[in-house]
Amino acid sequence: MRWIVRKTVLSVITLFCAVTITFFLYRVIPGNPVDLMINYYLSLGYSYEEALSRVLMMVPFVPTAPLHEQYVDFLKGVLRGDLGYSFTLAQPITRILGYAIPWTVFSVSISLVISFLLGIMMGMYIAYKRGSLLDKIISFYSSITTAMPQNILGFFLIWSLAIQLGWFPKELGPYGPRVDPSKFNLEFITSVLRHAALPILTYVLTSMGSWILMMKSSTISVLGEYYVTAAEARGLKDRRIVTTYVGRNAVLPLFTRFAISLGFMFGGALLIENLFLYPGIGRYLTIGISMRDYPLVTGCFLITSVATVLGNLLADLLYSRLDPRIRFE
Amino acid sequence: MKAWRILASGLICIMLLISMAPQSFTSIKTVTAQEEKSVWIRPFGYNPPPVGHFNYFISGSIAVFDWVFELMTHYFAANGTYISCVAESWQLDPDYMWFQVKLRKGVKFHDGHELTYKDVLATLYCVYLLKDRLWYFIKDVQVIDDYTIKFIFTEKTDYPVFYILWHWMIVSYTQYGSISDKVQQRIKEGKNIFDKTEDFQDLINELNQFRPETVIGCGPYKLKSVTETMIVLEAFEDYWNGKPPIDEIHLVRYATADLLWEALIKGEAHYVWAISPSPDLVRRLVTENPYAWTIRIPRPVGVTLYINKAKYPLSLVDVRRALAYAINRSEVGWVQYTGGCVPSEYVIGFHVPDLTRYLNQSFINQWLKDFKYEYNPAKAEQILQGLGFKRGADGVYVTPNGTRLEFTLVTGGGWINAPAAENLKAQLQKVGIKLNVQVVDTAVWSDAFYRGAYDLSGGVYGSPGFSFDEYYHKYMTLYPGHDPAKTWGQMHSVPWKTQPVNVTKLAKTIPLFPAQISQAELTEIYSTLAYITGNEVPVINLYQPAVVILMDKRFVFPTDPGYWNGLGSYELHGLRPLFTFGWLRPKVNLTVESVVGGTLSLAPGRYEYGKGDTVTITATPLSRYRFERWEVDGSPAGTDTTLTIKMDRSHRVKAVFSSIIYKTLTVLPVEGGTLSIAPGSYEYEAGQTVTITATPSSGYNFERWEVDGSPAGTSTTLTITMDADHTVKAVFTRIPYEMYIGIVVVIVIIAVAAYLILKRRGK
């Protein structure tokens, strides 16, 4: 119990630090939303005074106020559940996040689970077959896709599978353009699944490689352990050795990362969401960063931070369940 | 555990199966529904709800307003004329102190209510909360009647006219009325937002936070649906100018430019407005898309190089001039805009193609001839050497006080892109000027720009007719780098004036045009500012990109370049008349079927017309044929030889002629009389009745008719039905004169005999 309390306190402190750093970091980098929005209105033919007047009317905080005052206001808001107001999108941050999170969680969680499961299975397989042609091919694939930007592969998949072959809808977005999203019916569900297929495929293909490589490395390491040799010497069935002795031990380090990834999942997949017009957190984070929309960026990072910290906590708890050698104390 | 695995695997399989299912599974119904509709598709960037919204006055809105809302008039920048929309008429006080607008009656909003002064005021009072410059000039608003509003000005001006008539679209009182009424009330209470914003802060917040569920206007299209990737607008049945000819407008979001161009090339989108797209894409578009119609139009804005005059040695005008000579504007322009651009001919701070439109040619020839700054690196170096600068060991010039000619170019916001910046660097290196290029994002760039934290920076210049004063304002006063108090100085001399002029004052005077400035005065201001800019070189005009517009030939649209040239800046607003006045219409086909027995004024074939056109066709039967009727789409459509058909959709037209059967009537020669039809052969339409009258000559009597050799009556008039060929003969008989003479002779003989007998007896 003491361990849980200690971990929880540590998590809160971590969260506080992450949010604080994010808050200040984005406010000290060059560029500010007022200038950007002034430029926007100038481009529409407004005079500078008019543009400034319009922008100041829309900015819900005083951008010239001292940073510490803005910070205190922000913290007070967070404690009240008010993450602020996006002046770029003219919406409360909670409303934007409320809309974006389900899409991100839906697409990224499925992708993450699939890539994790496929990754550990393939990683373990090629660890057993190390040195074989298959090992070389899969390892090469893993190295390439791990380094490849997701949007490049994504664009290739859109081009080939959607546009050229027509297997997937070439209208991107989370559902078809003629589907009424207010009706949760079969047409909507089908459309959502069809439109999610390519983003998920992109995510799986690009993230699976790292799981494969980690699992391969971990499995090879476990295969060298004496208890595996002992199990083989005892004449245990291969399947039991693979699952109970090798698999379970090899996957342990990956679980920690998986749990953290679950938290990072709330940060969305920036490149994929922007490419596929997916209205997830990643898309709004991009808008926030490019427009110096501080509340929006801070809100997105707050969610990601909370989820990551919780993911870490979950990993710690799970680890003790998976590995009897680990105890809370 | 096994069950969990099976369940998970099953779910994944189902998901994959569904995702790979044929697309028609979900779209059959929609496709069928779409077939009968005319749909215009254009790419459109927007943030879908709930993030995007429909508050017209606040940023982040989904900009469908140019279709959904209506303007008082449409303004044509090219010739400065207004065409009536919902403003039926308007009048500006000859003394520029008031402006009156009369609204068109019977204009319906999408929610059914009729446009009145309330809707106009709802718009303008919300604009008031934006502290728009329009309201600087409005002292009072008087409602004359439901359809007439009079604006009283604070001073002599015509500035509000443009903003009332064209700039702001009319929102619905039913949506914005509650806010505008409160604004009006506050103003009545003597409060003024320009004096004390706080008095209106709650209303500003209310307007900021107002999120209408939909958008209600009186424009040609109403909002039908919004999804993540498409907005559908449908034609408004009760639009004041008649139901628009295009049934739906689809505004489609494309994830990347590649996908957008792929759709355009395949003809899946009907319009694009693109700044200097790659020539390869345009080539593919016009060769692979048979319906592509493109036009290249000039932009009234171009790219300029701002020079921070606050920094030595850029504070020396000769160094700025050397820079101008050192840059090949054509080369750098084509590096940035591979799709084409026009290098600036003069360095005068505004859109050079407009030069002769705003300045006298004699003035240009006399005073601006030195401001072309044609590419001349030798001259650039000559100027630098004339200042006593010497090349250092690395080839970079050094000033006499040891300052290297090494400058930082901060570029961002897309004004000067990275390749163009590198090209500038390479060009300046040749003349001994080192350029450090910093390519940053828009936010960092604008931060540096506004703080003057740069030596050189990218920016824009505009046309005199497009925020000209604002650009000069920027050059001279706005940015710290151009602080007139430090570097520029407000007073400048021009050779044709005896007194120095205040450039800031001149630039700021223009917004009042033309009420307080005559055209001659305006030309004088432009001339003065052009001369000072060319002489002082606070900016170097570089180039202006071209815009390529694609239209789809499956629609009828204006092809006059004069119309499209006006869309260089106000793209969406400029497109409005296509929809307001029905200038953009889907093409419909008229198929004229081939005919036998006659000719048509429109030869048989397939013709394209704009939906709503009226077509007139005339049918002329050939000899021995008769025009029977028109058939339109298989149904009878009149027997008049002229058909007028409204092309509300595609039609198939057929003219039906029938051949005429003739029968021969042979009238045989006659003796003893005449006939109403002279002897001979005649053709009559089968079934026709022919009447012949016989008139006997003197000494003859008509005896009978013989038709085909058989007696056919003794009346002098014969009516014969031409059911077959007939031969008609009239029979006359001669009266016997000999008999009458014999009788007379006998009578005479008898009389003579009788006389002689009586005479003997009397002896």
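Letters go in sequence order (proteins before strands), and every chain restarts at 1. The structure displayed is predicted, hence computed values, not measured ones.
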Closest heavy-atom pair and its distance - [X], [Y]:
| X | Y | result |
| --- | --- | --- |
| A:Leu172 | B:Thr229 | O-CG2, 2.8 Å |
| B:Arg211 | A:Tyr85 | NH2-OH, 3.2 Å |
| A:Leu277 | B:Tyr254 | CD1-C, 4.1 Å |
| A:Gln91 | B:Gly52 | NE2-O, 4.4 Å |

More than 12 non-hydrogen atoms from neighbouring residues, nucleotides or ligands closer than 6.0 Å to [atom1] on [X], yes or no?
| X | atom1 | value |
| --- | --- | --- |
| A:Phe184 | CZ | no |
| A:Phe24 | CZ | yes |
| A:Tyr125 | OH | no |
| A:Gln164 | CD | yes |

Subject >> Leading residue by heavy atom contact count with chain A [cutoff under 4.5 Å; candidates B:Pro49, B:Ala255, B:Ala263, B:Pro48] >> reply: B:Ala255
Examine whether an atom of [X] lies under 4.5 Å from a heavy atom of chain B, and if so say whether it belongs to the side chain, the backbone or both; otherwise answer neither.
| X | result |
| --- | --- |
| A:Val192 | neither |
| A:Ile163 | both |
| A:Tyr278 | neither |
| A:Leu198 | neither |

Original post:
Which distance, rounded to the nearest 0.5 Å, do you find between the CD1 of A:Ile289 and the CG of B:Asp441?
Top reply: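 Output value for this atom pair is 10.0 Å.
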Original post:
What distance separates B:Thr227 OG1 from A:Phe188 CZ, expressed to the nearest 0.5 Å?
Top reply: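 Here the interatomic distance stands at 10.5 Å.
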Original post:
Is the closest side-chain heavy-atom distance between B:Val51 and A:Ile287 below 4.5 Å?
Top reply: no
Subject >> Any side-chain heavy-atom pair of B:Thr442 and A:Arg292 under 4.5 Å >> reply: no
Subject >> chain A contact via B:Ser225 - side chain, backbone, both or neither, heavy atoms under 4.5 Å >> reply: neither
Original post:
Measuring heavy-atom distances to chain A, does B:Gln201 have an atom under 4.5 Å in its side chain, in its backbone, in both, or in neither?
Top reply: neither
**OP:** Please determine if B:Glu268 and A:Lys170 form a salt bridge, counting it only when a charged side-chain N lies under 4.0 Å from a carboxylate O.
**Re:** yes
